[in-house]
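For reference, the structure is listed below as structure tokens.
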Amino acid sequence: MTDTTARPVLLQMRDIRIEGRSDETWTPIINGVDLTLHKGEVLGLIGESGAGKSTLGLAAMGFTRDGVRISGGSITFDGIDLVNASAEQKRQLLGKRIAYVAQSAAASFNPAHKLIDQHAEAPVAHGTATRAEAEEDGIELYRKLRLPNPDEIGFRYPHQVSGGQLQRAMVAMAMSCRPDLIIFDEPTTALDVTTQIEVLAAIRHIVAEFDTAAIYITHDLAVVAQMADRIKVLLRGDEVEESDTRSMLEQPQEDYTKSLWAVREFQRPDKPPPAVDATPVISVQGITAAYGKIDVLHDVSFDIHAGRTVAVVGESGSGKSTAARVITGLLPPRVGQVELDGETLPLDYRKRSKDQLRQVQMIYQMADTALNPRKTIGEIIGRPVQFYMGLRGRRKRDRVAELLDQIELPPETYLDRLPSELSGGQKQRIGIARALAAEPRFIICDEVTSALDQLVAEGILRLLARLQDELGLSYMFITHDLATVRSIADEVVVMKDGRVVEQGPKPEMFRPPHHPYTDLLLSSVPEMDPDWLTNLLKERGVDDIGDASADKI
Amino acid sequence: MIIAQRLALGVLTLIVVSMVIFGAVSMLPGDFAEAILGQGATPQAVAAIRRDLGLDEPAILRYFSWLGDTLRGDLGVSYAQMNFQSNMGGGDNLRTVASQIAPRFANTMFLAGVTACIAVPFAVGLGILAALFRNSAFDKAANVSTLSSISSPEFFLAYILILFLAVLNPVLPSLSNIYEGMTLSERLEKTLLPALTLTLVVTAHMMRMTRAAIINLLASPYIEMARLKGVSPMRVIVRHALPNALAPIINVVALNLAYLITGVVVVEVVFVYPGIGQLFVDSVKNRDIPVVQACCLIFAAAYILLNLTADILSILSNPRLRHPK
């Protein structure tokens, strides 16, 4: 990373104000932010959801989504006033000189057309290349981005290509006209760590090769540390601070920035190991389970003891959630059994007694979809209170109020609200209260923090830890985020392709030697050190990261 | 695989429909004998005609013999023809139901075909433009005019068109009497006015579905991506939204085409067009059961076949199903 601030200014935003329309009124999203980007420079834009990062990123392209408007300030791209430019003028720039890489490539590629057709669209429309040249260049870019079968992959439809590969194909598409500026809008958020690292390496490589300036939007500090020359922190539409990456990481000035940096420091003290002869609360024994005819779990076994947290980690498709479905009885396994307190549970939930059902509860990843949008909070939590505990009327109300107290939401304010009136973190707390209402011994937490911002996620983790200490709960914590594992797990189970590859107490799991897959997972988690990716690539070579490496195991 | 399943389901539906048709026709009050004899319906005469036509047999038996004949392609002989024959003598050239319906059905298909060729591109194009200029004056005008045309009775639309295109500006003939031996261009000229009337009737559905299906997709990330690549608004709609909106549009088009085959009797009457609708209504009036049943069966088959085609086309419009992993 050289000093790029000496180079000419490419993009200049001055006192930019953006408003969004909701309920017939315009509410501010961005309240006067300045932004300067030089040629060939990468600016990291970080903040939590709702901070206005994406809105600001799109505004840098002169684009606003429906129901959003730029109400003040100026945006100048290489001498062109983007606020007052006509739609036609802007269209001349978009795709050609300013390109966009979206968060979810799977959703942002048109399912009806082949990748190469979508790749060639912009160069042909802007007249920078003929169709044949654009195709040839696309294949060349696929090769540079280390996509497998670069000659052939472009002729597939999006659904025939994996997420990480699609994301790289989208980077290639953004590069198709060799733009001066690319907006990367959380391009790796939806990916597994081992896939993320490949995409990060590919982006960094190609941005440097073509000397492209970029705005890199993310909520992940460790990622932005690898990618950006400078970092700007946003909070609810205001700039908190901005400085070059190293000084931002070493000495953040503002309290908010410091709190973001400190999030990853939450760690529970290690607990003594359970007694050797203790009966585990949940014991999964030799489970093999299938969807249709295809086995997706192979001989999976692990124990979860009282008052302890077992983190089940692995990438998407490794069988973590399937294991949870087997324990809850939603997916009866082909072979094996599940014991609760030493007693064998019927495999199908329909054959379990009400008390057995009560003991095993679940909290979901997407609180948004897991709560009935038409029921009030009181009804949502009251339902299991009545169903499992048989409480009615006044006693039911008291119990719901008590549960709301436990999740640190004042009952008088929240009882009559609908889920849509709560923030993401509050909704997740309601999910927790609903699970607690059954007074279970064991709760499965399925990626419960992965849809949340780091500060909010940390609050949820602290709450879960406190409830565990107070109520003696056992958790099965499904996650792909190793930072979360580090902060709350007592034991770790690592899964890959439906098998347990390694398991043991956390302190051991984070200390070498590891199973090579565990090692790969651990080493793929970005660290706050800005040289981390550079060093890793130097150490292992571009061909030994991510999926390429995972396939060798 | 899926397609074979749909086909089998279509055949099963057709059999169920044949039962319903037969049942419903049997339950019509009065029968052919009473209808044809009118005032002079003595019990003896009625019984004689019934015996001649086999109407005195049990319904179940009649159903299966009809079904068997139909499966062999024999739709029977019209009662009216048979009666005429036995009373007046005459040659051996008994006109079967099939030969009676065939030219009428061909006329109906011709009218439906001409209408479809005008209405489908017009409605889909109008829907695309309405989606492109959504909430503009054009969009509102297109919505209001298609809605008011679908809300008006068909005969009213027909007379308005006759007034403007045949009476005030005599560019098209107001009578659509088609006969064998006409050249194609003559036929087209005669058919144009009813076809235009029907276009006005069916456009609204198809246009509004096209517009809604496209607008529904405009918030998708891939549409935003296309815009951010600098793709022109028209191309965003036609190339990026339309291919993904095809399934609902195809289904509405199929429903409207089925309507064009089965529901156009009013327009036929107004323009004196010799289609199957008129024949159907006349046969119901005369209780000429073989003809009624044959018409009903053709209508049902048209509905089932068109919906089947729509299902298959919507499956084929999905790249996930066309190109499995």
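Labels below follow one simple rule: chain letters A, B, ... track the order of the sequence lines, proteins then strands, and each chain is numbered from 1.
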Under 4.5 Å to a heavy atom of chain B? For A:Tyr100 that would be both
From A:Gln160 atom CD to B:Arg320 atom CZ, the distance as rounded to the nearest 0.5 Å = 10.0 Å
CD (A:Glu136) with more than 12 external heavy atoms under 6.0 Å = no
Region of A:Ala125 in contact with chain B, defined by heavy-atom distances below 4.5 Å | neither
Apply side chain to side chain contact (heavy atoms under 4.5 Å, CB included) to B:Glu224 and A:Ser108, showing your working.
-> CA-CA 8 Å; B:Glu224 183 173 287; A:Ser108 294; over 6 Å; no
Nearest 0.5 Å please: distance from the CG atom of A:Asn110 over to the CZ atom of B:Arg239.
-> 8.0 Å
Taking atom CZ of B:Phe156 as the centre, does the number of heavy atoms from other residues, nucleotides or ligands within less than 6.0 Å exceed 12?
-> no
Looking only at A:Met173, A:His113, A:Gln103, A:Arg65, the option with the highest number of non-hydrogen pairs under 4.5 Å against chain B is A:His113
Over 12 foreign heavy atoms within 6.0 Å of OH, A:Tyr291 | yes
Structural part of A:Gln118 lying under 4.5 Å from a heavy atom of chain B = both
Quick one: which of A:Pro179, A:Ala122, A:Pro111 has the most heavy-atom pairs under 4.5 Å with chain B, could you say?
-> A:Pro111
Interchain contact, A:Ile183 with chain B, by part (heavy-atom threshold 4.5 Å) = neither
In this structure, CD of A:Glu121 is separated from CE of B:Met225 (nearest 0.5 Å) by 10.0 Å
Looking at B:Ala241, B:Pro233, B:Ser317, which makes the most heavy-atom pairs under 4.5 Å with chain A?
-> B:Pro233
Could you look at B:Arg227 and say if it's the side chain, the backbone, both or neither that has a heavy atom under 4.5 Å from chain A?
-> both
So which part of B:Ser232 gets closer than 4.5 Å to some heavy atom of chain A, the side chain, the backbone, both or neither?
-> both
